[in-house]
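The structure under discussion appears below in the form of structure tokens.
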Protein chains: 2
Amino acid sequence: MTDAAPRTARARARAELTREIVDTARAHLEAAGAASLSLRAVARDLGMVSSAIYRYFPSRDDLLTHLIIDAYNGLGDAAEVREAAVAREDLLGRWLAVAHACRDWALAHPQEWALVYGSPVPGYAAPEATIGPGTRVSATLLAILADAIGQGVGPDAVPVPRRVARGIRPLREFAGSAVPDAYLVAGVMARTQLFGHIGLELDGQFANTIDDLDAFFDHVMRRTAATLGFA
Amino acid sequence: MTDAAPRTARARARAELTREIVDTARAHLEAAGAASLSLRAVARDLGMVSSAIYRYFPSRDDLLTHLIIDAYNGLGDAAEVREAAVAREDLLGRWLAVAHACRDWALAHPQEWALVYGSPVPGYAAPEATIGPGTRVSATLLAILADAIGQGVGPDAVPVPRRVARGIRPLREFAGSAVPDAYLVAGVMARTQLFGHIGLELDGQFANTIDDLDAFFDHVMRRTAATLGFA
DNA sequence: CCATCGTTGTGAGCACTGCTCTTGACAGAG
DNA sequence: CTCTGTCAAGAGCAGTGCTCACAACGATGG
């Protein structure tokens, strides 16, 4: 995909300008939100004419797609780095690391979070290229759950109705058959708790209700970890 | 607020046209999303000139605010009606009624859901008038939790750290002091599970992962009810 | 009943948007 | 040196939210 080392001067100029466009667009995104991201304003900031942008990105949606992939990767990087710094056998620590990394990243980049997990921009269909980076956090969480099974810990093995078990088949195949259905359900619920909490917090749904959101989030994530059987 | 019976013919025409504008705008909203809601398009559909709309709504944001309040009330109505049809002592039934009512409404009106629970429209600050209707579902859920205490059921009474207990003081005052902190935390987590699940489902985050979302949602909501001590 | 006054619809216009197309200039390859 | 492909520029199209002066109309006081 990304050509490693651009040979000619023109190619290097192109690569650099492409990066500048994306960076400027991201700055505008963080300042004003996705819907008011204006190609013309980005071009103005770069001292070029608006139509020149189209030499680098065929449309505004295409530029947005780049920003979405960047956002997914930024979040994925943050989560993976923080999770990797925790001892492998410390399941609770790894879960909390991912959770806090996601929330910290979301609070630092609210507009980028809204871009990927908020309501989809109308008329915008997520292209194939986004689904890979979009699953990095979930994959990290699934790895923790798999390690938990290796350690013999996990959520209570409540029975899962047959219809539900049948309905989560794609997830089971993705996770590998070693993960029991009840664990998968508990894992999805944990992820929903994590992503849902962050989304509601960014939307201000806890305003006038909870003062100390830092402490509350940590406590909620520990309670969630308990449902997964983590110490 | 709402003048009961408009006397003059002009006042009646005004009320009717106001309703027509809102209805047309909602139709456009459902069809194309909030960001591409165009005052001019609404005016065209109504056979009037765009500037005439401004006799009824001072700005596009103001029209959006009306749609937001309508959406909150539509969701609140749906949830309250379904919940009211369940026997008071059937806590699980009441919880499931609210949960399924919310999801059904969200699936039927995805753009309106995104309008109120999705990423806020940039440059739009939710006015005071929206906070009342915005809490109806949460208030219904809180009533169920309060009734649960009356029945002597509730979540496991795990200790709540002092800092968390201090941070949820506004919520505790809103709920009344009869609800222990651990119950409040469990209730907020249940609401996060409900709203988070619906949001992630509408965003397509369960695509390629879970086939039977109806069955999965029901199971997840039953598991969530179990954390609240509901049979 | 009529004249006045306030409310409403009209259309032009401003500044902005995404996007297209033609034009002219330049860099790199043969 | 020529030729070809890439690039920025600028004009232009269709659309947006919003403002304003003006005209038409209904409600109301004399």
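So that the names make sense, note that chain A is the first sequence line, chain B the second, and so on, each numbered from 1.
OP1 or OP2 of C:dT8 has at least one side-chain nitrogen or oxygen of B:R14 nearer than 4.0 Å. Distances shown here put a side-chain N or O of A:S38 below 4.0 Å from the OP1 or OP2 atom of C:dT17.
The aromatic rings of B:H197 and B:F206 lie tilted to each other, with the angle between the two planes from 30° to 60°.
Atom OH of A:Y56 and atom C1' of D:dA8 are 8 Å apart (whole Å). For the pair B:R55 CZ and D:dC20 P, the interatomic distance rounds to 11 Å; values are reported in whole Å. Between the CZ atom of A:R10 and the C1' atom of D:dC7 there is a distance of 7 Å, given to the nearest Å.
Judged by distance alone with a 3.5 Å cut-off, a donor-acceptor contact links the side chain of B:R40 to the base of D:dG17. Below the 3.5 angstrom threshold, one finds no donor paired with an acceptor across the side chain of A:S59 and the base of C:dG18.
Side-chain proximity of A:L17 to C:dG9, D:dT16, D:dA8: nearest is D:dA8.
At a threshold of 4.0 angstrom between heavy atoms, the contacts of B:I53 with the nucleic acid are absent. Within 4.0 Å (heavy atoms only), B:L46 reaches no atom of the nucleic acid at all. In this structure, A:L63 reaches neither bases nor backbone, as no heavy-atom distance under 4.0 Å exists between it and the strands shown. If you check every strand for non-hydrogen atoms under 4.0 Å, A:F57 touches nothing. Using a 4.0 Å heavy-atom cutoff across all strands shown, B:A9 reaches sugar-phosphate atoms only and no base atom.
Where A:A52 and B:L39 each meet DNA chain D at their nearest nucleotide, the meeting point lying more 5' is that of A:A52.
Under the 6.0 Å distance and 45° angle rule, B:R136 does not count as a cation-pi partner of B:Y72.
A salt bridge between A:R169 and B:D211 is absent, with no side-chain N of the basic residue lying under 4.0 Å from a carboxylate O of the acidic one.
Within the 4.5 Å cutoff, the side chain of A:D62 has no heavy atoms near those of the A:Y56 side chain.
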